[in-house]
**Q** 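Quick one: the structure is below, questions incoming.
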Amino acid sequence: MAQTGPLTGELEDLYRGRYRHFLRVATAIVGDETSGHDAVQDGFAQALREQHSFRGAGPLEAWVWRTVVNAALAARRRRETRREAPEAAEIANANGHADESAVRTWVAALPERQRLAVYLRYYADLDYRAIAEALGVEVGTVSATLSSAHQALRRSMKEVER
């Protein structure tokens with residue numbers, strides 16, 4: 001039997017309208033698209049089951065992002081596979097610049113909070129307030145976290161250029 005409640009229609013609209021964004025972030029967190037699909041499904045199912053707990057203090061989408069991110073993190077923990085970052089020399093293109101897979105590898109190597117903030121900002125196109133709500137932190141923390149992530153990514157890129 002389908003879950004029904006006061007937010008069911010809004011959750012369905014969000015699912016239909018933003019699914020690709022949710023999938024992109026979940027896939028980045030988990031590491032493969034099939035598991036990403038499963039994480040999005042699990043996150044939305046959780047949101048449907050727990051819709052009564054949404055207090056309306058922030059946007060509904062940010063609240064759903066939290067459920068999807070948590071589902072993706074749980075899926076990643078279950079997989080218990082860690083990939084080591086390749087050596088910088090292996091990820092430079094012939095022209096000396098990093099390719100897209102290298103950037104993904106560097107992002108994946110960031111500490112968890114930085115990685116999640118980058119995914120939500122650049123893969124899901126969320127603003128700082130929505131990211132803060134999704135991660136359960138203050139807006140200033142999002143700003144500082146993204147700044148630290150940018151610095152770490154710049155360092156990684158400079159290592160390749162050498």
Side-chain angles (χ1 to χ4, degrees), residues 7 10-48 50 54 58-86 88 90-93 97-160:
L7 300 175
E10 290 178 63
L11 289 167
E12 184 177 339
D13 290 345
L14 184 59
Y15 180 85
R16 290 177 191 267
R18 298 275 289 161
Y19 182 82
R20 297 301 302 165
H21 290 94
F22 284 101
L23 175 61
R24 190 171 179 196
V25 171
T27 298
I29 292 169
V30 178
D32 71 90
E33 191 168 329
T34 299
S35 297
H37 282 288
D38 291 343
V40 173
Q41 296 299 321
D42 291 346
F44 269 88
Q46 179 72 23
L48 279 168
E50 301 295 327
F54 177 66
L60 177 63
E61 182 175 351
W63 181 76
V64 173
W65 272 108
R66 183 178 289 187
T67 65
V68 171
V69 166
N70 287 339
L73 290 170
R76 190 181 78 211
R77 283 190 293 272
R78 283 190 301 271
R79 285 182 60 180
E80 296 181 5
T81 56
R82 282 266 190 214
R83 296 181 193 165
E84 292 186 25
E90 295 175 15
I91 46 183
N93 282 335
H97 293 89
D99 64 15
E100 188 176 331
S101 66
V103 174
R104 283 191 196 130
T105 299
W106 294 329
V107 171
L110 290 170
E112 185 169 278
R113 181 182 286 175
Q114 290 179 16
R115 186 175 56 249
L116 294 176
V118 167
Y119 291 154
L120 292 171
R121 178 69 189 113
Y122 299 107
Y123 288 33
D125 197 29
L126 298 182
D127 63 25
Y128 284 28
R129 171 172 263 140
I131 295 168
E133 182 72 24
L135 296 179
V137 298
E138 297 294 322
V139 174
T141 302
V142 172
S143 180
T145 300
L146 284 170
S147 178
S148 296
H150 293 150
Q151 289 174 349
L153 293 171
R154 276 193 292 276
R155 280 192 303 273
S156 296
M157 293 172 93
K158 285 181 182 177
E159 288 176 13
V160 169

**Q** Ignoring hydrogens and angles, tell me if any N or O in the side chain of S156 forms a donor-acceptor pair with the backbone of A152 under 3.5 Å.
**A**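 Flag set: sc S156 to bb A152 pair under 3.5 Å.
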**Q** Minimum heavy-atom separation for V64 and A47, please, with both atom names.
**A**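 Scanning both residues, the minimum pair turns out to be CG2-CB, 4.3 Å.
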**Q** Is the backbone N or O of S143 less than 3.5 Å from a side-chain atom of S147, with the two atoms forming a donor-acceptor pair by type?
**A**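 No, S147 side chain to S143 backbone: no donor-acceptor pair under 3.5 Å.
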**Q** Applying salt bridge (Lys or Arg N to Asp or Glu O under 4.0 Å), which residue pairs with at least one partner in residues 123-141 are found, sequence neighbours left out?
**A**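 Those involving residues 123-141 are R121-D125.
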**Q** Please determine which of V142, T141, T145 meets the side chain to side chain contact (heavy atoms under 4.5 Å, CB included) test together with I131.
**A**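 By the side chain to side chain contact (heavy atoms under 4.5 Å, CB included) criterion, I131 pairs with just one of V142, T141, T145: V142.
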**Q** If only atom types and distance count, is the side chain of R115 paired as donor or acceptor with the main-chain N or O of V107 below 3.5 Å?
**A**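 No; judged by distance alone, with no hydrogens or angles, the pair does not exist.
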**Q** Report the C-alpha separation of Y15 and V40 in whole Å, then their side-chain angles, then the decisive distance to 0.1 Å, and conclude whether the side-chain contact (heavy atoms from CB on, under 4.5 Å) test is met.
**A** CA-CA 9 Å; Y15 180 85; V40 173; 4.3 Å; yes
**Q** Applying side-chain contact (heavy atoms from CB on, under 4.5 Å) to L11 and L60, what does each step give before you reach the verdict?
**A** CA-CA 8 Å; L11 289 167; L60 177 63; 4.1 Å; yes
**Q** Can you give me the closest heavy-atom contact between F22 and L14, atom names plus distance?
**A**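 Shortest heavy-atom contact: CE1-CG, 4.1 Å.
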**Q** Side chain of R113, backbone of L135: donor and acceptor closer than 3.5 Å?
**A**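 Absent.
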**Q** For R66, does the CZ atom sit with more than 12 other heavy atoms under 6.0 Å from it, leaving out its own atoms?
**A**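 More than 12 within 6.0 Å, yes.
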**Q** Carefully, step by step, assess Q46 and N70 under the rule side-chain contact (heavy atoms from CB on, under 4.5 Å).
**A** CA-CA 10 Å; Q46 179 72 23; N70 287 339; over 6 Å; no
**Q** Whether the side chain of T27 engages the backbone of R24 through a donor-acceptor N/O pair (distance < 3.5 Å, no angle test) should be reported.
**A**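 No, because the side chain of T27 does not come within donor-acceptor range (under 3.5 Å) of the backbone of R24.
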**Q** Hey, can you tell me if H37 and Y19 have their rings parallel, tilted or perpendicular (30° and 60° cut-offs)?
**A**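 Because their plane-to-plane angle is under 30°, the rings of H37 and Y19 count as parallel.
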**Q** Between the side chain of Y123 and the main-chain N/O of A28, is any donor-acceptor distance below 3.5 Å?
**A**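 Not confirmed, Y123 side chain does not pair with A28 backbone.
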**Q** Of all heavy-atom pairs between L110 and A149, which one has the smallest distance, and what is that distance?
**A**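 That would be CD1-CB, 3.9 Å.
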**Q** Identify, with sequence neighbours excluded, every residue that meets ring-ring contact (aromatic ring centres under 6.0 Å, His included) alongside F54.
**A**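 Testing F54 for ring-ring contact (aromatic ring centres under 6.0 Å, His included), a comparison that skips the adjacent residues, returns W63.
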**Q** Which is it for F44 and T67 under the side-chain contact (heavy atoms from CB on, under 4.5 Å) test, yes or no, and what are the steps along the way?
**A** CA-CA 7 Å; F44 269 88; T67 65; over 6 Å; no
